[in-house]
Amino acid sequence: MKPVRVRFAPSPTGGLHIGGVRTALYNYLLAKQTGGTFIIRIEDTDQTRYVEGAEEYIIEALRWLGIEADESPEKGGKHAPYRQSERKPIYQEYVKKLIENGSAYYAFDTEEELEAMRQRLEAAKAKNTSYNIVSRMQMKNSLTLPADEVEKHLQSGHPYVIRLKVPAKQTIRFKDLIRGWVAVESTTLDDKVLLKSDGMPTYHLANVVDDHLMEITHVIRGEEWLPSAPFHVLLYQMFGWEHPEFAHLPLILKPDLKDSKGRIIQENHGKLSKRDAEAMGFPIFPLTWQGSIGYREAGYLPEAIINFLALLGWNPGTNQEIFSMQELIQLFSVERIGKSGSKFEIEKAKWFNQQYLRMKSGKELLPYLINGLQKAHIPYTQYTEEQLIAICEVMKERATFPDDIWQEARYFFEKPTSYDETIIKQKWNQQTCQIIAWLKEKFAQENDFSGQKAKEALHQEAEKKGLKMGQVMPVLRVALTGTSAGPDLAAIMQILGKNEVVERLENALKSIAIPQ
RNA sequence: GCUCCGUUCGUCUAGGGGUUAGGACGCAUCCCUUUCACGGAUGAAACACGGGUUCGAUUCCCGUACGGAGUACCA
C-alpha cells in the first residue's frame, strides 16, 4: 500500500474519550504500516466549547499510549498551522470560491426566523423541516433577495452565515472502505451552514478544506460522521477536488450491567459515554482528567489498552490475542474492521492488563510498587531494592494491577495483626504449635538462613512427627502472614529474612490461643 | 418522524452455500498445589425472525423485527 496521510482531528472540548483513542490508534497503525504520515489537527472552531488544557491533554494522553504524531500543532509540519482557529482566513478564502461558483449562498435569517420556519413546517406535517432546497426559497438569503439588498446587508455588517446550496435531484454516492457503497438522495439533505456568523467555519467546511490542503488520503473516523459524509462528498465535488477514501468506524457501545458472576443485571444499548463509564466504575479517559480517573492512574498499562482497543472492532483473522504495537502495525488492515458496534467490556481489558503485567520483569515493576507504597504511606525502607524486586516477581502472577502487588501482600510490609480464623480453628493445635516453636528455635540458630532450606527443615520435622504438609504449612503461613493464601512460603521467608521470620513466629506463638 | 448504518455463544469475534459453526474474555467442574493465583483439561453457551433463490442456506436476495447513529451558526 502506498504511504497514506491520515489525521486524527479532535475538538479540545475535554478529555480524550476512549473511543477517540481507538480512532487515533487505527489512523496511527495505517500510517505506520504504509510508511505514511499521522497528523493531529485540532478542531477548535467552536469557541464556546473550548476548554483550556484539553489540547495538551490529548497530546499527552496519546503519547502515554505510544501514539506520536508526525505533524501536529506541537510539532509543526509543512501544512501548519494545525489548529483550525488559526486557519480562519483560509476557510473564508475557500468558501468565497463556493459563493462564486454558485455552490453556496449567504443567508441572513435570524434565530427566531429559523425557529418560525421549523414550526411552520412541522405544523404543515412536512416530512423534512430543515433549511433545504424547498424551504430556502421562503427565507432571507442571497437566492431570494435582490442583489442590491444582499449587497447592502453585506456592507452594513448585517450578520450572515454561508450555506451549502445542495443541488436538486442528485444521488450522492461514495464508497466507504468498511461499509461499501453508500447512496443518499440530495433531496433529503439540508443546506448546511458552512461559515458561521462569527466568521468561523463549521466542521463540514473546515474538515474538507483542511483534508484537501493537508493532502489527507484516508479519512478514518467514527460512524457518527457517516450521515454527514454525503455533505463532504458534495463539497469536494463543488471545489472540484477528489475526495479522500472514507472509512467510518463502528461505535463503541456501553456494556451491560453485570454482577460478580458475570450475569446480566441490566442490558444496555447505545454509545459509550463518560456517564456510563463512571456509573459502572471504569475509566473513560486515558489519563485522569478533572476528577475523572484515568486508565493510567487506575493501574492499566498502555500496552494493554492499545491491545484491547485494537481488538475492539478489528481482528487479524487468526487466534492470536496478544499484540505489540509493532505487530499491530504490521497486521492492521482496514478491510478487517467489523461493521457493527462493539460493547466495551472492561473485564477483557483487565485480562490484557494481567497478561502485560506478567510479561514485565520484577525490575520493570519496581517503580510501580514504590509509587503505590509511597502513595499509601506504607514504609518499605526495611527492604533492599533486590528484595522489593523479589516481591514484584513473586506477586506479579497473581496481580491484575500494579497495586495488587502490595495490596494482595501487605504482610510483606506490616506484621500481621490478626490471623485467619478458619485456619486457626482447623489447624492450630498442640502439635502444630510445637512444630512452629521448634522451627523458631531452629531458625534463630541458623547462620545461613534461606527460605528453601527453612521449608525443607519444616518438611523433615513434620514427617518425623507424622504430620502432613497440609497440616503444617498453612499454620506456618498464617503465623507468618496472617492469611491463608499467597505465594510459595519459601519465597516469602526468603524475602522476609531470618530475623523477621523468627520475630513473627514468636509473635504468633504468643498471641494465638489454641482453640478448644 | 425522516435519512443512513448494523444484527454469529452473555461479551469480543473467526468462518462462510454442505463445518461436530472455531478462538478469546467471563462462568462452572476437575487436575496441579500447603493455600490463593498461574498453568492444564473439560463443560454450558450463538448464526434475530419470515419469505424467496437453491438439491441444500447461518452464509446470497427481499421483507419484518430489534438495535444504533445523524437530524444545531457542536464537533
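Chain identifiers are assigned alphabetically (A, B, ...) following the order of the sequence lines, protein sequences preceding nucleic acid strands; residue numbering begins at 1 within each chain.
Nucleotides B/C12 and B/A75 place their P atoms 32 Å apart, quoted to the nearest Å. Nucleotides B/U58 and B/C9 are separated by 15 Å at their P atoms, to the nearest Å. B/A44 sits 24 Å from B/A37 when the C1' atoms are compared, rounded to a whole Å. The gap from the P atom of B/U20 to that of B/U53 amounts to 27 Å, rounded to the nearest Å. Remark: the separation of the P atoms in B/G67 and B/U19 is 33 Å, to the nearest Å. B/G10 and B/C2 have their C1' atoms separated by 34 Å, given to the nearest Å. B/G40 sits 41 Å from B/C61 when the P atoms are compared, rounded to a whole Å. Here, B/G23 and B/U8 have their C1' atoms 13 Å apart, quoted to the whole Å.
With hydrogens and angles ignored, the 3.5 Å screen pairs a side-chain donor or acceptor of A/T483 with a backbone N or O of A/A485. With hydrogens and angles disregarded, a donor-acceptor distance shorter than 3.5 Å links the side chain of A/D276 to the backbone of A/S273. Under the 3.5 Å distance criterion, the side-chain polar atoms of A/N268 are matched with a main-chain donor or acceptor of A/P255. Under a 3.5 Å cut-off, the side chain of A/K427 and the backbone N or O of A/G470 do form a donor-acceptor pair. Judged by distance alone, the side chain of A/E327 and the main-chain N or O of A/S324 form a donor-acceptor pair under 3.5 Å. Side-chain N or O atoms of A/E86 include none that pairs as donor or acceptor with a backbone N or O of A/P81 at under 3.5 Å. Looking only at distances, a side-chain donor or acceptor of A/Q494 sits under 3.5 Å from a matching main-chain atom of A/G451.
The nearest whole Å value for the distance from the CZ atom in A/R173 to the C1' atom in B/C4 is 15 Å. The distance between atom CZ of A/F231 and atom P of B/U3, rounded to the nearest whole Å, is 14 Å. When rounded to the nearest whole Å, the span between CZ of A/F344 and C1' of B/G26 equals 16 Å. For A/I405 and B/A37, the CD1 to C1' distance is 14 Å, given to the nearest whole Å. Taking atom CG of residue A/L121 and atom C1' of nucleotide B/C2, one finds them 13 Å apart after rounding to whole Å. Residue A/N319 contributes atom CG, which lies 11 Å from atom P of B/G22 at whole-angstrom precision. We find that CZ of A/F308 is positioned 13 Å from C1' of B/G26, with the value rounded to whole Å. In this structure, the CG atom of A/L251 is 11 Å from the C1' atom of B/G70, given to the nearest Å.
In this entry B/C73 has no Watson-Crick or G-U wobble partner, no candidate having both defining distances under 3.5 Å. Within the shown strands, B/G63 is the pairing partner of B/C49 under the Watson-Crick or G-U definition, both distances less than 3.5 Å. Base pairing of B/U33 is not made with any nucleotide, judged by Watson-Crick or G-U wobble geometry with both donor-acceptor distances under 3.5 Å. Base pairing of B/C4: its partner is B/G68, meeting the Watson-Crick or G-U wobble criterion (both donor-acceptor distances under 3.5 Å). Pair check for B/C25 finds B/G10; Watson-Crick or G-U wobble, both atom distances under 3.5 Å.
In this model, the phosphate group of B/U13 is not approached by any side-chain N or O of A/N315 to a distance below 4.0 Å at OP1 or OP2.
The shortest distance between side-chain heavy atoms of A/N207 and A/R41 falls below 4.5 Å.
The residue A/R336 sits close only to the backbone: its heavy atoms come under 4.0 Å of sugar-phosphate atoms, none of a base. Within the 4.0 angstrom heavy-atom criterion, only backbone atoms of the sugar-phosphate kind lie near A/A183; the bases stay farther away. Among the protein residues, A/D488 comes within range of the nucleic acid bases, having at least one heavy atom under 4.0 Å from a base atom. Residue A/G222 is classed as having no contact, given no heavy-atom separation below 4.0 Å to the nucleic acid. Residue contacts for A/L489: at a heavy-atom cut-off of 4.0 Å it reaches a base atom on one of the strands shown.
In this structure, A/F231 and A/H204 have tilted ring planes: the angle between them lies in the 30° to 60° band. Between A/H153 and A/F108, the ring planes lie tilted relative to each other; the angle falls in the 30° to 60° range. Note on ring orientation: taking the six-membered ring where Trp is involved, the planes of A/F174 and A/H248 are perpendicular (angle over 60°, cut-offs 30° and 60°).
Sorted by residue number, the members of residues 258-273 of chain A with any non-hydrogen atom under 4.0 Å from RNA chain B read A/K258, A/K261, A/G262, A/I264, A/H269, A/G270, A/K271. Contacts between residues 350-359 of chain A and RNA chain B, defined by a heavy-atom separation below 4.0 Å, involve A/W351, A/Q354, A/R358, listed by number.
Here the nucleotide nearest the side chain of A/S340, chosen from B/G6, B/C36, B/U3, is B/G6. Among the nucleotides B/U13, B/U34, B/G10, the one closest to any side-chain atom of A/D256 is B/G10. For A/S342, the listed nucleotide lying nearest its side chain is B/U13; candidates were B/C5, B/U13, B/C4.
Heavy atoms only, all atoms of each residue included: A/I40 and A/P10 are closest at CG2-CD, 4.4 Å.
Among A/F344, A/Y356, A/W351, the single residue meeting the ring pair (Phe, Tyr, Trp, His ring centres under 6.0 Å) criterion with A/F308 is A/F344. Each of A/N307, A/L301, A/I322 was compared with A/Q355 under the side chain to side chain contact (heavy atoms under 4.5 Å, CB included) criterion, and only A/I322 meets it.
When the salt bridge (Lys or Arg N to Asp or Glu O under 4.0 Å) test is applied to A/R136, the partners found at least two apart in sequence or on another chain are A/D191.
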Atom pairs, protein N/O to nucleotides 71-75 of chain B N/O, distance under 3.5 Å:
| from | atom 1 | to | atom 2 | distance (Å) |
| --- | --- | --- | --- | --- |
| B/C73 | O2 | A/S197 | N | 2.7 |
| B/C73 | O2 | A/S197 | OG | 2.7 |
| B/C73 | N3 | A/S197 | OG | 3.0 |
| B/C74 | OP2 | A/K196 | NZ | 3.0 |
| B/C74 | O2' | A/D46 | OD2 | 3.1 |
| B/C74 | O2' | A/R49 | NE | 3.2 |
| B/C74 | O2' | A/R49 | NH2 | 3.0 |
| B/A75 | OP1 | A/T45 | OG1 | 2.8 |
| B/A75 | OP1 | A/K196 | NZ | 2.6 |
| B/A75 | OP2 | A/Y203 | N | 3.2 |
| B/A75 | O3' | A/S11 | OG | 3.1 |
| B/A75 | O3' | A/E43 | OE1 | 3.0 |
| B/A75 | O2' | A/S11 | OG | 2.5 |

Nucleotide by nucleotide, 5' to 3', does protein get under 4.0 Å of the base (B), only the sugar-phosphate (S), or neither (-) in nucleotides 40-45 of chain B, counting heavy atoms?
------
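Looking at which nucleotide of RNA chain B each of A/G338 and A/M469 is closest to, the 5′-most match is held by A/G338.
Among residue pairs with one or both ends in residues 333-342 of chain A, those qualifying as side-chain hydrogen bond (donor to acceptor under 3.5 Å, both in side chains) are A/N315-A/R336; sequence neighbours excluded.
A centroid separation of 6.0 Å or more is found between the aromatic rings of A/Y26 and A/W314.
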